[in-house]
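See structure below.
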Amino acid sequence: MTERDVMDFDVVIVGGGPAGLGTAIHLANLIERHNAEVESTGEGEKLEPEICLIEKAAELGAHSLSGGVMDPKALTQLLPDWRTMEPPAPIEAEVHKDYVLWLSSKGGKKLPITPPPLKNHGNFVVSLNKMVGWLGGIAEEKGIQVFPGFPGAALQRDGNRVTGVQLVDSGLDKHGEKKGNFEPGGILAAKMTILTEGTRGSLTKQLVNDLNLHGKNPQIYAIGVKEVWEVPAGQCEPGLVVHTMGYPLDTKTFGGGWIYGMGKTDAGKNLVSVGIVIGLDSADPSLDGHRQLQLMKCNPKVAEFLKGGKMLHYGAKSLPEGGLYSMPTNYGDGFLIAGDSAGFMNSMRLKGIHLAIRSGMLAAETTFASLKSGDFSAAATKSYADKIKNDWCYDELRKCRNFHQGFHKGLLGGLINAGFAQLFGGKGAWFTDELKSNAGHTYMKKVSDYFGGKGKPEPEKLPQDGVLTFDKLTSVYSSGTMHEEDQPCHLVVSQPDLCATKCVEEFGNPCQHFCPAAVYEMEEKEGTKHGIDLKINASNCVHCKTCDIMDPYQVINWVTPEGGGGPTYTNL
Ligand code: SF4
């Protein structure tokens with residue numbers, strides 16, 4: 001048995017995105033205010049808890065790609081003077097113009113009206129990479145111990161009570177044998193563990209399954225695939241927000257695209273974020289988010305924004321789209337779950353940063369109460385769920401609770417449903433409080449059913465000129481993704497024999513298509529039933545979790561690799 005160092009903390013936060021940092025900063029503020037009050041009144045006891053935040057990326061922000069639109073509501077609650085702080089909040093631009101483009105394969109038309117959920121006046125285009133770095137600096141200044149490059153491997157549990165986190169071992173070879181530099185992952189013991197790992201967090205997934213914390217509906221996800229471009233000045237003004245619908249997606253596939261005008265970098269580069277979101281509940285076994293983004297950029301209306309520019313960065317991320325009724329129970333003995341891990345995302349507005357920060361703040365308030373009372377049981381942490389219910393974030397989530405599910409009736413059904421939801425507080429076209437749905441992977445059809453018995457057609461060749469469009473490997477290169485090659489594979493396939501047999505026959509190995517980073521490859525292999533077998537290029541993985549979500553047999557388990565591995569999104 002491996003001996004592990006144990007370090008004692010009062011609070012361990014797993015994940016350094018907006019939710020984790022929102023938790024850390026708000027908790028530090030609450031403690032600071034409490035201690036000041038104790039000092040001035042002489043009443044009560046000061047609190048001096050040990051709080052740490054671990055993050056799997058080598059640096060805060062390295063797994064958060066630039067280019068999103070943020071509703072400032074939660075940031076204003078977290079840091080009321082954020083507009084005048086030093087160093088200044090990294091805002092790229094205030095949104096001054098927004099519209100929706102309906103795309104066909106040859107062109108597109110501006111919609112005469114922008115649907116209310118896609119109106120962005122008063123919001124800000126931000127680089128999440130920079131925002132996370134900025135929030136991290138504030139958290140550290142407030143005394144939070146921030147440990148980047150330390151992924152959590154497993155939760156420590158005593159029955160149903162979470163007692164901390166075991167970190168990932170480093171220095172194991174690909175067979176799991178110890179190398180000369182082996183370091184066992186330490187144990188961070190905690191009275192309260194707060195899971196803010198992002199979408200489909202690996203520790204959260206395990207906990208939700210083990211303790212049966214599932215919501216009424218299974219979570220439904222989407223994949224967002226995006227690029228950041230440098231373009232000539234004046235071609236896409238900072239603060240312009242364009243959403244796209246239609247091409248290249250068919251009417252049965254949920255999704256849409258965006259073009260956001262970002263600001264200028266310190267080096268004077270004019271940046272644009274371009275991307276597409278696609279539901280991971282598609283029937284198409286050949287769905288390929290990377291390919292769809294390349295197709296979208298070939299549309300002349302989109303290409304216009306990128307003309308003469310250069311792609312600087314590529315990345316992908318999954319999003320929790322299921323809404324209110326897909327959220328798991330987010331509290332228990334010694335733990336809370338916030339942000340994307342808990343499903344805090346408004347799919348109708350395509351926004352989650354504000355909900356992530358806000359849920360983190362509410363988790364901080366519950367943790368603060370537990371630190372004062374010494375009670376970390378589920379009876380005490382339930383106050384988190386109560387706080388959410390009485391907060392604006394709950395009202396917002398209620399309004400979009402049936403949004404994504406409506407698109408299971410096709411594009412038209414989904415749009416009508418979204419329109420009704422606007423009028424009837426989220427009820428939608430079927431006037432039901434809750435539209436039922438299944439887990440996304442169950443909607444994938446077998447090749448024979450989807451392609452009508454003709455077999456999977458060869459996809460039409462993309463131009464891939466290396467200027468406007470790129471192959472997957474070139475894109476992965478632009479994500480700066482790196483992993484130690486000689487380590488256990490972090491994509492654990494529990495039944496690998498399925499891939500070269502049943503999956504070839506039924507689904508045509510959809511992992512080759514849905515992975516946006518060319519991690520899964522079916523290579524020729526003599527002696528196998530179909531002459532091919534699965535090869536996993538794990539070092540390409542951009543940590544989007546699509547495979548864990550979309551695999552039709554649910555035999556892929558994404559686990560955290562050695563610390564620091566993954567994309568390196570930089571502070572552009
Ligand atoms: Fe995403 Fe899985 Fe591919 Fe990694 S291996 S990039 S998590 S789909």
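Every number for a ligand or one of its atoms is a count from 1 in the order of the listing.
- Ring pair F507/Y553: centre-to-centre distance below 6.0 Å.
- For residues 506-520, the set of pairs meeting the salt bridge (Lys or Arg N to Asp or Glu O under 4.0 Å) definition, not counting sequence neighbours, comprises K446-E506.
- With contacts defined as side-chain heavy-atom distances shorter than 4.5 Å, the pair T199/Y221 qualifies.
- Nearest protein heavy-atom contact of atom 7 (S) of ligand 1 is K545 N, 3.0 Å.
- Close contacts of ligand 1 with W558, meaning ligand atoms under 4.0 Å from a residue heavy atom, involve 7 (S).
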Checklist entry - How far apart are the C-alpha atoms of H513 and H290, what are their side-chain angles, what is the distance that settles it, and do they pass the ring pair (Phe, Tyr, Trp, His ring centres under 6.0 Å) test? => result CA-CA 9 Å; H513 309 296; H290 173 271; over 10 Å; no
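- Of all protein N, O or S atoms, those under 2.8 Å from atom 3 (Fe) of ligand 1 number 1.
- Remark: the backbone N or O of N123 is not paired with any side-chain donor or acceptor of N120 at under 3.5 angstrom.
- Remark: T528 engages K525, D533 in a side chain to side chain contact (heavy atoms under 4.5 Å, CB included) (not counting sequence neighbours).
- Sorted by first and then second residue, the side-chain hydrogen bond (donor to acceptor under 3.5 Å, both in side chains) pairs with a member in residues 165-182 read R4-D169; sequence neighbours excluded.
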